[in-house]
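These notes concern the structure reproduced below.
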Number of protein chains: 2
Amino acid sequence: MTVTLADVAARAQVSPATVSRVLNGNYPVAAATRERVLRAVDELDYVLNGPASALAAATSDLVGILVNDIADPFFGIMASAIQAEIGGPGGRAGGERLAVVCNTGGSPERELTYLTLLQRQRAAAVVLTGGAVEDAPHAAAVAAKLRKLADAGTRVVLCGRPPAPDTEAIALTFDNRGGARALTDHLIGLGHRRLGYIAGPEERTTTRHRLEGHRAALAAAGIEDDPRRTVHGRYDRRSGHEATLELLRRDPSLTAIVAANDSVALGACAALRESGLRIPEDVSVAGFDDLPFSIDAVPSLTTVRLPLAEAGARAGRIAMGREEPPLGGIASVRGELMVRGSSGVPRG
Amino acid sequence: MTVTLADVAARAQVSPATVSRVLNGNYPVAAATRERVLRAVDELDYVLNGPASALAAATSDLVGILVNDIADPFFGIMASAIQAEIGGPGGRAGGERLAVVCNTGGSPERELTYLTLLQRQRAAAVVLTGGAVEDAPHAAAVAAKLRKLADAGTRVVLCGRPPAPDTEAIALTFDNRGGARALTDHLIGLGHRRLGYIAGPEERTTTRHRLEGHRAALAAAGIEDDPRRTVHGRYDRRSGHEATLELLRRDPSLTAIVAANDSVALGACAALRESGLRIPEDVSVAGFDDLPFSIDAVPSLTTVRLPLAEAGARAGRIAMGREEPPLGGIASVRGELMVRGSSGVPRG
DNA sequence: GATCGCGCAGCAAGCGCTTTCTGCATCGAC
DNA sequence: GTCGATGCAGAAAGCGCTTGCTGCGCGATC
């Protein structure tokens with residue numbers, strides 16, 4: 001029913017071995033023979049059996065990309081860049097590889113399960129994107145998995161994620177702390193003294209790092225860090241909206257709101273407007289990430305640009321072994337402060 | 001080195017066959033034996049070899065999801081919904097399936113190549129999302145591929161994509177024509193007579209359908225369809241920005257701009273503002289899709305909401321055989337007009 | 001007590017490919 | 001003319017798993 005290597009071999013009047021070699025192109029085959037085989041492949045419309053070759057060769061051409069939320073452009077942009085380098089169809093790489101984008105939904109269990117699934121598929125490489133969860137047992141479990149994957153020959157790269165100790169994983173981490181510091185420094189420089197902070201989920205490394213940067217800036221300026229000025233939520237606009245109302249309730253005299261990311265910032269803007277406050281005249285707003293829509297907000301969002309596409313591309317190349325990993329296996333990728341319309345000098 | 005089924009069998013003192021049956025759970029195994037096997041699996045930290053089992057069983061647990069642009073939330077949202085139903089880790093389905101999100105970048109060749117790659121992997125199902133390219137040879141090639149996939153037992157579902165004739169593929173299409181018609185009807189109802197239209201890439205079905213809906217509305221209102229009022233571009237904000245400037249150049253008296261989608265609409269808004277025009281006082285703007293950020297635009301965007309997540313979920317269920325396909329294998333999914341701040345009565 | 005049925009486990013034959021090793025020409029060199 | 005390279009193709013042994021079939025031991029049946 002389905003065409004197999006043997007069928008092609010029969011048609012081309014060669015042995016299966018030869019067909020395999022023509023298809024994999026890593027062994028000398030006479031031009032005439034190759035020609036004949038290729039023609040037979042074409043005529044029979046033969047498609048290689050992936051599992052079979054993966055089994056025989058003990059390697060597969062699957063590359064896993066783990067993301068927290070595929071519907072979020074933050075991850076979409078990285079995934080897209082990674083995939084472009086993985087050399088799926090159209091990529092520069094010769095061998096065609098299938099990029100598998102796995103949506104963990106931010107759940108540690110699903111992360112682990114996907115890792116197992118990829119291990120099961122004998123993935124050629126795995127790229128984990130986005131912040132990790134700060135939970136010792138889980139971190140250990142992930143580290144163990146990553147070690148096992150590495151042992152099995154799977155290259156592991158972390159993109160926008162903190163390094164995993166005791167692991168061979170290459171890490172390209174974003175300097176969230178530095179970016180947040182610069183952002184809050186900017187606001188303080190404008191004269192703000194009462195800043196609200198809308199943080200992400202408590203247990204995420206990204207959340208903590210950004211918060212630390214923010215606090216470092218406050219401390220450096222001698223501003224007391226009132227815990228009531230920080231609210232935790234999810235990384236989405238809805239959460240930004242709710243958190244802003246809460247912050248305003250706690251302290252109506254706030255002059256600036258720093259959000260965990262751009263989506264949250266947009267939610268904050270909406271809440272401020274609904275509350276009759278102008279941006280930035282009454283309250284300044286700042287985001288993080290600089291996703292494409294941020295520049296279209298009105299006023300456009302002051303934020304920290306993260307080179308998502310560049311980092312993803314680099315991670316992809318490293319995963320494919322087409323670029324040298326950074327020294328020590330760890331590189332910190334800096335963000336860039338983008339000062340735009342949503343931040344200004346505080347009133348009064 | 002790596003643990004195999006045989007190792008587990010040895011440790012549990014049973015035959016490999018029994019281990020396999022315990023793992024697949026589709027054959028009676030005595031409780032005590034099962035217990036013993038499971039313990040051995042655990043102790044040896046055994047991970048099934050995916051390719052090997054796929055080869056032996058002639059099926060795999062991979063499910064392909066083709067998207068045009070993974071960095072675009074339009075596709076991200078659908079992909080996310082599909083995947084949730086595919087029953088990856090955490091899904092309701094028992095068997096764990098690996099969702100493979102493939103980024104075609106809108107390129108017909110890559111689409112085809114990915115389809116081949118999925119065929120090669122003997123994917124369990126494939127979901128194609130988003131508009132197709134209107135190119136007869138390519139459409140035929142895709143149809144042929146889909147037929148072949150179906151023959152091989154792969155379930156094929158189209159989500160937000162026109163039906164593929166002569167194919168067993170189930171199609172869930174968006175009623176782009178109807179949505180566009182309603183949108184332009186709304187603007188005409190407000191009194192607009194000079195509407196600019198920023199269309200997507202010429203060769204896409206989505207582009208054509210939306211444009212047809214728009215034109216149908218114009219025709220119904222007896223408004224001449226000046227071809228100079230339509231500009232084609234990509235489905236991104238940049239394109240919306242450029243196209244708007246072009247439309248304004250051609251006819252500064254426009255009172256409304258209808259965009260191919262929300263991203264394009266945002267670009268249009270930016271261009272209008274830069275040109276010193278107010279929205280909607282001077283020019284009304286309308287988008288399409290109702291992506292999450294649309295409500296945060298200022299003014300919030302009048303658009304057509306497409307039930308992306310719902311359609312994706314349904315497509316996912318159908319792909320998994322957990323929901324009956326629609327009668328005739330084709331269902332049209334309607335959008336809903338969302339009237340918001342960006343559209344108003346024209347000046348004068 | 002012999003027979004049948006049934007529940008459970010093992011045997012062994014592949015699944016379709018890769019790859020090592022072997023073999024046969026052909027060619028150049030001495 | 002002979003021998004060793006060299007270049008290319010084939011034979012065959014798996015890769016690790018699934019599954020149809022066989023077989024065994026037990027309680028139920030006549």
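Numbered from 1 within each chain, the chains take letters A, B, ... in sequence-line order. Because the structure is predicted, anything quoted here is derived from the model rather than measured.
Checked by distance alone, Arg21(B) brings a side-chain donor or acceptor within 3.5 Å of a matching partner on the base of dG20(D). With hydrogens and angles left out, the side chain of Arg122(A) and the base of dG16(D) share no donor-acceptor pair within 3.5 Å.
For Asp61(A) and dC17(C), the CG to C1' distance is 13 Å, given to the nearest whole Å. Atom CG in Leu23(B) sits roughly 16 Å away from atom P in dG16(D) (whole-Å rounding). Look at CG on Asp7(A): it is 9 Å from P on dC17(C), rounded to the nearest Å. Going from atom CG of Leu44(A) over to atom P of dG16(C) covers 15 Å, rounded to whole Å. Here the P atom of nucleotide dG20(D) and the CG atom of Asn24(B) are 12 Å apart, to the nearest Å. For the pair Asn26(A) CG and dC17(C) P, the interatomic distance rounds to 15 Å; values are reported in whole Å. Taking atom OH of Tyr27(B) as the reference point, atom P of dG10(C) lies 11 Å away to the nearest angstrom.
The existence of a salt bridge linking Glu168(B) and Arg147(B) is excluded, since no basic side-chain nitrogen approaches an acidic carboxylate oxygen closer than 4.0 Å.
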Could you walk me through whether Thr104(A) and Ser107(A) pass the side-chain hydrogen bond (donor to acceptor under 3.5 Å, both in side chains) test, one step at a time?
CA-CA 6 Å; Thr104(A) 65; Ser107(A) 143; over 6 Å; no

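Both Val29(B) and Ala52(B) lie close to DNA chain C; mapped to their nearest nucleotides by heavy-atom distance, the more 5′-ward contact belongs to Val29(B). Of the two residues contacting DNA chain C, namely Gln13(B) and Leu55(B), the nearest-nucleotide position lying further toward the 5' end is that of Gln13(B).
Closest to the side chain of Ala17(B), out of dG10(C), dG10(D), dC17(C), is dG10(C).
For Ser53(A), no side-chain nitrogen or oxygen approaches OP1 or OP2 of dC17(C) to under 4.0 Å. OP1 and OP2 of dC15(C) both lie 4.0 Å or more from every side-chain N or O belonging to Asn49(A). The phosphate of dA9(D) (OP1 or OP2) has no side-chain N or O of Thr18(A) nearer than 4.0 angstrom. The phosphate of dT18(C) has OP1 or OP2 within less than 4.0 Å of a side-chain N or O from Ser20(A).
Using a 4.5 Å heavy-atom threshold, the side chains of Thr116(B) and Lys145(B) count as touching. The shortest distance between side-chain heavy atoms of Arg161(B) and Thr173(B) does not fall below 4.5 Å.
Residue contacts shown for Ala30(A) are limited to sugar-phosphate atoms, with no base heavy atom under 4.0 Å away.
Of the inter-residue distances, the one linking Leu62(B) atom CG with Thr154(B) atom OG1 reads 10.0 Å to the nearest 0.5 angstrom.
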